[in-house]
Amino acid sequence: MKDTNFIISLNHISKWFGEKQVLNDVNLNVKEGEFITILGPSGCGKTTLLRIIAGFVTPDEGVLEIDSKMMNDIPPYLRPVNTVFQRYALFPHLNVFDNVAFGLKLKKVPQTEIEQRVRKSLKMVDMTDYEWRDVDSLSGGQQQRVAIARALINSPHVLLLDEPLSALDHKMRTDMQMELKAIHKNLAVTFLYVTHDQEEALTLSDRIVVMNDGVIQQIGTPIDIYNEPVNSFVADFIGESNILNGTMFKDKIVNFLGHDFECVDEGFGENIPVDVVIRPEDIYLMQSPNKASMFEGIVKSCIFKGIHYTMTVLTDEGYEIIIQDYNPFEVDTKVSMIIKAQDIQVMHKERLCNEFEATLVDETHLKMLGTTYECEAQSIYQGEDVKVIVEVDFDKLELLDDFEKAEVIGDVRFILYKGDHYHLTVMTEGRVNVYVDTNYVWDERDLVGIKILPKDMRIKFAAE
Ligand code: ATP
């Protein structure tokens, strides 16, 4: 049965700009009165999703419903939503009152009603005494409040907010966050908020939608998302984390950092490769030697962060981990560490190696990633093209800054530090993701050549 409590329903929404798919099968139900935040890195498709709801962008696939009515063909001005933009988009030559009244005047609403509604709107954002001020004379935060008052004047059912605080300085931003929360609480309006700032999302939201590359990664309350990230992308994006390769040895025993640890997870099977996430505040530091110690290391850096200290520790087994503690430990101190079973988050790995679709075009050549590669002689080639899958381990791809020596070029999209190496997602020009383990330091957006040697390809028949 259909749940009528959802004010917004996105069903299988996809969007392409030219060849580029920016939203991929997005499904989301927003409850009435909810404060929901779409969070993700720059370019992940957040604004496009918001613009689809507002009606400024049309989806190529899928259905959008607002208030249980199909909205795909309804123009923006007939939708029960209003948008507050990053830049306040106020008219500089009009005062506060006229900025807020602008839409009502266009609609030829009677003057007495305009006055009532503007006053009510300004009251909601605590700007009652500012009606006759020039907007230029207001601070950034006050201008943003006027923009919100203007958006609220038509009593929209949904307020769409596109990074509305990004132009403000840190202090103003945190003040405005509190005010936005208060405004949301006082109005029975659904807020759909877009940001790339995870702290803002954790502070404001009833639920967070984490997006990457046009795909929803996880939807949950701030606490769920922080404590139970579903994959290493979410764990890395929300707060600081130690994300490490591990092996689930058996139920409740996981090996990482070169040691076996008790954990609370079961049902993975035996000797299964996993990702392990440990929040920096969940590693307990003690002066060495210490009887309770589970593993040891040396402090490499210690930075005061206001309330706690953030330290990097190089473990005796050669892993670099981050730890937060209220007490500082001096650089070069030998330390002992403990991790409790309930603080170890074990996750299935999304993949164990690269798997590329390819075609064997003769015994020693295949077409893959938009180019032709040499491979070791394949007896499965019998005179006709054969569809194959080529497996390549993450540490067998070489990244080069000399493109001449590489078969394919890509750009670095996502970097995960795994304690003793980096795990990179590189997107090729043909938009295939390639995953690489490396010890070299690359930056996001770097262009890299990708080299694969014939001996490092495992070639298998593609399943029909
Ligand atoms: P940011 O936080 O940087 O604003 P975002 O997550 O909001 O990013 P979008 O603005 O939705 O991302 O953009 C997603 C992708 O779609 C980007 O690669 C962007 O360049 C591309 N894009 C957005 N609008 C258009 C357009 N009108 N034509 C072509 N490409 C577009």
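Order of listing sets the numbers, starting from 1, for every ligand and every atom in it.
In this structure, ligand 1 sits under 4.0 Å from heavy atoms belonging to F17, K20, V22, P41, S42, G43, C44, G45, K46, T47, T48, E163.
Residues D385 and K387 are not paired through a salt bridge, judged by the lack of any N-O separation under 4.0 Å between the basic side chain and the carboxylate. At a threshold of 4.0 Å, the pair D197-R173 counts as salt-bridged, since one of the basic side-chain nitrogens sits closer than that to a carboxylate oxygen. Salt bridge annotation for E407-K451: present, with a cationic side-chain nitrogen under 4.0 angstrom from a carboxylate oxygen. Classification of D275 and K418 as a salt-bridged pair holds, one side-chain N sitting under 4.0 Å from a carboxylate O.
Note: Y417 and Y422 have tilted aromatic rings, judged against thresholds of 30 and 60 degrees for the angle between ring planes.
Not a single salt bridge (Lys or Arg N to Asp or Glu O under 4.0 Å) links R133 to another residue, sequence neighbours left out.
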